[in-house]
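Have a look at the structure below, then the notes.
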Amino acid sequence: MASDREVLREIWEGKLPVCFQLHEDEVIDLQVPEQYYLMVPRLSYFPLVTDKVRKHFVKFIHPEKHESEMWLEYNGIALKWHYPIGVLFDMNNNSDLQLPWNIIVHFDKFPEDELLHCSSRDTVESHFLACLKEADVLKHKTQIVTNMQKKDHTQLWLGLQNDKFDQFWAVNRKLMELGSEDSFKYVPFRCYYKDEHMIQKLIRPVTDNGDRKNLQDMLKELCPDKTDLERWKVTTHGIEPPKDTPLQWMSEHLSYPDNFLHLILTMKN
């Protein structure tokens, strides 16, 4: 079970300053709306933190668009709401990106071929619980999430939605328990590389001999060209974990609330 509580709390408390601005073509008022600033949790999802953003900008758009779905863009890229905010930031982070993170708000021309619709917070909750169940299947031989009571699911969701560390981890610790095993069955992870291409593969946190694998071992299994291993950079939560970090420890302590490790893979120059 995850034991380094200080690490868990530091990860939980990660925040990003964001500057939201309404797209200029959608402003119908002579008065240009002021930018809207928020500190948002890295571990959350944009639909859970942008109610005030919508309320701030909706009065400046055409009345016919007041009920339209709001969507976000950065640098010409539509931001996928079903990715955690920290993942979206790390995917788009480069030498030119400075804080606050400047994001463009839209109520028009929803990019149907790029984004999933999100009609309400219920949609986010359904996605979150589906991810939890998927991660649980990968980690455990018995399905802990499926066997939980409804109130446990609700507590996990409310802990995430309301940014309550203790409320969330009171239940999530059960998903990190090993039982009679020394490790998880597989490491739930999603690795992003080039143009948001996602890499997924079944990777065990231990070898057949029972030795613990580390991040370098994972890279060897993921990357076809083993000669460039030292040039690969792995980022999560805005940090670059050492390559000798055990996968089991990473899964227990660096996973997002959906219980997946979200890893951004880039090639160093």
Side-chain angles (χ1 to χ4, degrees), residues 1-14 42-44 84 86-87 125 127-160 164-192 198-222 234-237 239-265:
M1 171 186 163
S3 56
D4 292 348
R5 193 172 177 82
E6 290 184 10
V7 175
L8 298 177
R9 189 174 285 279
E10 284 290 326
I11 293 296
W12 184 275
E13 293 179 352
R42 271 183 158 270
L43 301 185
S44 190
V87 175
E125 181 180 7
H127 167 73
F128 171 67
L129 289 176
C131 291
L132 271 183
K133 291 176 181 177
E134 183 181 350
D136 186 35
V137 169
L138 290 169
K139 285 194 294 187
H140 303 110
K141 292 179 180 178
T142 56
Q143 296 181 22
I144 298 175
V145 174
T146 302
N147 295 327
M148 280 181 172
Q149 297 181 26
K150 172 65 175 175
K151 66 180 181 66
D152 292 324
H153 293 174
T154 301
Q155 184 167 334
L156 282 167
W157 168 244
L158 291 178
L160 171 64
K164 302 293 185 181
F165 173 84
D166 292 325
Q167 183 180 19
F168 178 83
W169 270 99
V171 178
N172 194 60
R173 62 181 178 79
K174 301 174 185 177
L175 303 180
M176 295 297 176
E177 291 175 349
L178 302 179
S180 60
E181 305 295 328
D182 291 327
S183 65
F184 295 145
K185 184 170 59 172
Y186 297 105
V187 177
F189 76 94
R190 288 179 175 146
C191 190
Y192 308 88
M198 188 190 297
I199 306 169
Q200 288 184 278
K201 187 175 181 179
L202 291 177
I203 293 183
R204 294 175 55 82
V206 294
T207 66
D208 293 338
N209 296 327
D211 297 327
R212 292 192 177 270
K213 294 182 185 176
N214 57 29
L215 184 56
Q216 181 82 345
D217 296 321
M218 173 185 268
L219 287 177
K220 290 177 182 178
E221 295 187 46
L222 286 178
V234 180
T235 304
T236 185
H237 303 291
I239 60 176
E240 185 179 353
K243 297 279 181 58
D244 60 357
T245 308
L247 288 181
Q248 179 66 37
W249 187 93
M250 288 182 65
S251 188
E252 292 181 39
H253 297 88
L254 301 183
S255 290
Y256 275 75
D258 63 4
N259 277 227
F260 275 84
L261 284 171
H262 291 267
L263 308 172
I264 315 302
L265 193 60

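Predicted, not measured: the structure shown is a model, and the values here were computed from it.
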Q: Measure the CE-CG distance between M218 and L247 for me, rounded to the nearest 0.5 Å.
A: 4.5 Å

Q) So, for M176 and K139, which heavy atoms are closest and what is the spacing to 0.1 Å? A) SD-NZ, 3.7 Å

**Q.** Intermediate values then yes/no, salt bridge (charged side-chain N to carboxylate O under 4.0 Å, His left out), D217 and R204
**A.** CA-CA 10 Å; D217 296 321; R204 294 175 55 82; over 6 Å; no

Q.
Less than 4.5 Å apart, side chain to side chain, heavy atoms only: is that true for P188 and E134?
A. no

**Q.** H237 NE2 to H253 NE2 distance, which is reported to the nearest 0.5 Å
**A.** 12.0 Å

Q) If you look at every heavy atom in W249 and V7, which pair is closest and at what distance? A) CH2-CG1, 3.9 Å

Q: Using the side chain to side chain contact (heavy atoms under 4.5 Å, CB included) rule, take I144 and E177 through it: C-alpha gap first, then chi angles, then the decisive distance, then the call.
A: CA-CA 10 Å; I144 298 175; E177 291 175 349; 5.8 Å; no

(Q) Counting neighbours of CD on E10 that are heavy atoms of other residues, nucleotides or ligands and sit closer than 6.0 Å, is the number greater than 12? (A) no

Q. How would you list, by chain and number, every residue that makes a side chain to side chain contact (heavy atoms under 4.5 Å, CB included) with V234, sequence neighbours excluded?
A. L215, L219, L263, L265

Q: Please examine the side chains of V187 and K213, heavy atoms only from C-beta on, and report whether any two atoms are closer than 4.5 Å.
A: no

**Q.** Salt bridge D244-R212, side-chain N to carboxylate O under 4.0 Å
**A.** no

Q: Output yes when a side-chain donor or acceptor of T245 lies under 3.5 Å from a complementary backbone atom of P242, and no otherwise.
A: yes

**Q.** Lys/Arg N to Asp/Glu carboxylate O, D136 vs K174, below 4.0 Å
**A.** no

Q. So, does D258 use its side chain to make a donor-acceptor pair with the main chain of F260 at under 3.5 Å?
A. yes

Q. Do L158 and E125 touch side chain to side chain, with heavy atoms closer than 4.5 Å?
A. no

Q: Specify whether H262 and Y256 have parallel, tilted or perpendicular ring planes, treating 30° as the upper limit for parallel and 60° as the lower limit for perpendicular.
A: perpendicular

Q | From NZ (K151) to CG (L156), nearest 0.5 Å | A | 10.5 Å

Q.
Between L8 and F165, does the side chain to side chain contact (heavy atoms under 4.5 Å, CB included) criterion hold? Intermediate values first, please.
A. CA-CA 9 Å; L8 298 177; F165 173 84; 4.0 Å; yes

**Q.** Rounded distance [0.5 Å steps], CZ in R42 versus OG1 in T236
**A.** 8.0 Å

(Q) A side-chain contact here means heavy atoms from C-beta on lying under 4.5 Å apart; do P257 and N172 qualify? (A) no

Q. Are the side chain of H153 and the backbone N or O of L129 linked by a donor-acceptor pair below 3.5 Å?
A. no

Q) Between S255 and S251, what is the shortest heavy-atom contact and its length? A) OG-O, 2.6 Å

Q. Below 4.5 Å, heavy atoms only, C-beta onward: do W12 and L43 meet side chain to side chain?
A. yes

Q. Given side chains that start at C-beta, do those of F189 and L222 come closer than 4.5 Å, heavy atoms only?
A. yes

**Q.** Min side-chain heavy-atom separation E252-P205 under 4.5 Å
**A.** no

Q. Do V145 and L175 touch side chain to side chain, with heavy atoms closer than 4.5 Å?
A. yes

Q) side chain to side chain contact (heavy atoms under 4.5 Å, CB included) between V137 and Q143: does it pass, once the steps are laid out? A) CA-CA 6 Å; V137 169; Q143 296 181 22; 4.0 Å; yes

Q) How far apart are the closest heavy atoms of P241 and L254, and which atoms are they? A) CG-CD1, 4.4 Å

